[in-house]
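Here's the structure we're looking at; comments come further down.
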Amino acid sequence: MMTLELKEDETSIHKAAAILREGGLVAFPTETVYGLGGDAFNPDSARRIYAAKGRPSDNPLIVHIADMESLDRLCPRIPERLHLLADAFWPGPLTMIVEKRPELPSETTGGLDTVAIRMPHHETALALIREAGGYIAAPSANASGRPSPTLASHVWEDLNGRIDAILDGGEVGIGVESTIVDLSGEVPTILRPGYITEEMLSRVLGEVSVDPTLMHPDATARPKAPGMRYRHYAPKGSMQLVEGEAADVTAEINRRIRESSLRCGVLCTDETKALYEGGLVRSLGNRNDLSSIALQLYRALREFDKEGIEEIYSESFPAEGFGQAVMNRMLKAAGYRILKTGGNKQ
Ligand code: AMP
Ligand code: MG
């Protein structure tokens with residue numbers, strides 16, 4: 001299949017919407033990462049999405065909408081909590097899980113009786129959703145297991161020839177996937193951390209819990225978002241997170257690179273960049289600017305892949321606020337491998 005390259009103009013959005021209405025697949029920009037869209041009410045579109053990504057078909061898609069009226073066709077009872085969170089954070093990087101209507105194909109929801117819904121904060125995405133009929137099912141537009149795309153060229157790398165079109169909207173704004181909160185149970189539960197933090201959600205809802213498997217892999221517990229079970233966000237090289245005092249971290253990484261015979265890469269910050277003595281050194285930005293760290297992470301991992309980096313050492317960040325999302329993605333990319341440095345090893 002020939003993959004069309006489209007710009008963000010009106011004619012292109014028109015063309016992309018027509019492709020979606022006919023059951024085709026279009027990758028499109030959102031404020032979080034690029035999505036791979038299909039018509040949410042067309043089971044064939046969902047099947048095509050799974051096939052194009054090489055994604056297990058029990059891993060449900062997020063349904064993207066452009067207005068609140070669209071909720072009625074998706075869920076039979078709209079919880080009050082959804083309204084509260086929508087008022088506060090939609091359009092925006094928040095996905096909410098609620099009971100689904102039987103009319104929504106189970107292919108779209110990976111066989112679950114709930115549906116994940118988001119209204120993205122992105123003009124092109126909203127225009128495309130409206131023109132395509134109101135409901136675009138979309139996971140991230142990467143090949144399954146690879147880092148999510150933050151540039152159209154990333155989508156191209158993974159999916160050229162496997163989807164109908166890519167709408168190029170330049171670089172995304174946030175760079176990690178949406179926060180997912182499950183509203184289908186008694187206590188709202190964060191299944192995936194993102195830009196909308198636990199604190200922001202509890203300011204609106206009161207009690208919010210966090211799926212305990214998010215920051216620690218636990219062989220006995222199954223993450224509630226099926227997607228969080230799979231190896232994910234992974235670079236080709238093997239990655240380790242290094243924790244400890246800044247000076248210990250740089251010393252340990254320098255020592256390991258010196259002793260390694262493999263091609264090494266370092267993910268670091270502007271403050272420490274000059275301290276590394278070998279390997280391909282990539283700063284993610286200022287240590288205190290988590291927005292930059294988040295936006296650069298997947299891009300840097302893809303750059304390392306291109307450079308044939310076999311071993312990646314990364315500095316780590318405090319898992320607080322938006323840092324929880326950043327560390328969750330880093331931990332997953334590293335397969336939860338952490339090196340503790342300094343005298344105080346625990
Ligand atoms: P992606 O947009 O590629 O990150 O994929 C969508 C994410 O949403 C995956 O992690 C899914 O497991 C999760 N998800 C979608 N629908 C549901 C649902 N009904 N219940 C739990 N998780 C969901
Ligand atoms: Mg994904």
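In each ligand, atom 1 is the first atom listed, and ligand 1 is the first ligand listed. All values reported here derive from a predicted model rather than from experimental measurement.
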Problem set entry | Ile62 heavy atom under 4.0 Å from ligand 1 | yes

Problem set entry | Min heavy-atom dist Arg192 to ligand 1 below 4.0 Å | yes

Value rounded to 0.5 Å, distance of [atom1] in [X] from [atom2] in [Y]:
X	Y	atom1	atom2	value
Phe322	Thr179	CZ	OG1	8.0 Å
Glu8	Glu123	CD	CD	10.0 Å
Glu186	Ser209	CD	OG	11.0 Å
Ile196	Thr32	CD1	OG1	11.0 Å
Thr197	Leu94	OG1	CG	10.5 Å

Determine whether more than 12 heavy atoms belonging to other residues, nucleotides or ligands lie under 6.0 Å from atom [atom1] of [X].
X	atom1	value
Glu245	CD	no
Glu103	CD	yes
His83	NE2	yes

Exercise. Taking N or O atoms only and a 3.5 Å limit, does Arg55 qualify as a polar contact for ligand 1?
Worked result: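 The answer is yes, given that Arg55 and ligand 1 share an N or O pair closer than 3.5 Å.
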
For this session: Looking only at distances, please establish whether an N/O atom of ligand 1 is found under 3.5 Å from an N/O atom of Glu177.
Result: no

Within a distance under 4.0 Å of any heavy atom of [X], pick out the atoms of ligand 1 and give their elements.
X	result
Thr114	18 (C), 19 (N), 20 (N)
Ser140	1 (P), 2 (O), 3 (O)
Leu112	18 (C), 19 (N), 20 (N)
Pro139	1 (P), 2 (O), 3 (O)
Asn59	9 (C), 11 (C), 12 (O)
Ala116	15 (C), 16 (N), 17 (C)
Ile180	7 (C), 8 (O), 13 (C)

For this session: Quick one: look at Ile97 and ligand 1, take heavy-atom pairs under 4.0 Å, and tell me if it's side chain, backbone, both or neither.
Result: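 The side chain, only.
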
For this session: Have a look at ligand 1 and work out which part of Asp182, if any, has a heavy atom under 4.0 Å from it: side chain, backbone, both or neither.
Result: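 For Asp182, there is no contact with ligand 1 at all, from either part.
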
Exercise. Would a hydrophobic clustering, with Ile, Leu, Val, Met, Phe, Trp and Tyr connected at side-chain separations under 4.5 Å, put Phe317 with Val210?
Worked result: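 Yes, it is one cluster - the side chains of Phe317 and Val210 are joined through contacts under 4.5 Å.
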
Exercise. Counting backbone and side chain alike, does Ser140 bring an N/O/S atom below 2.8 Å of the Mg ion (ligand 2)?
Worked result: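 A backbone or side-chain N, O or S atom of Ser140 is under 2.8 Å from the Mg ion (ligand 2).
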
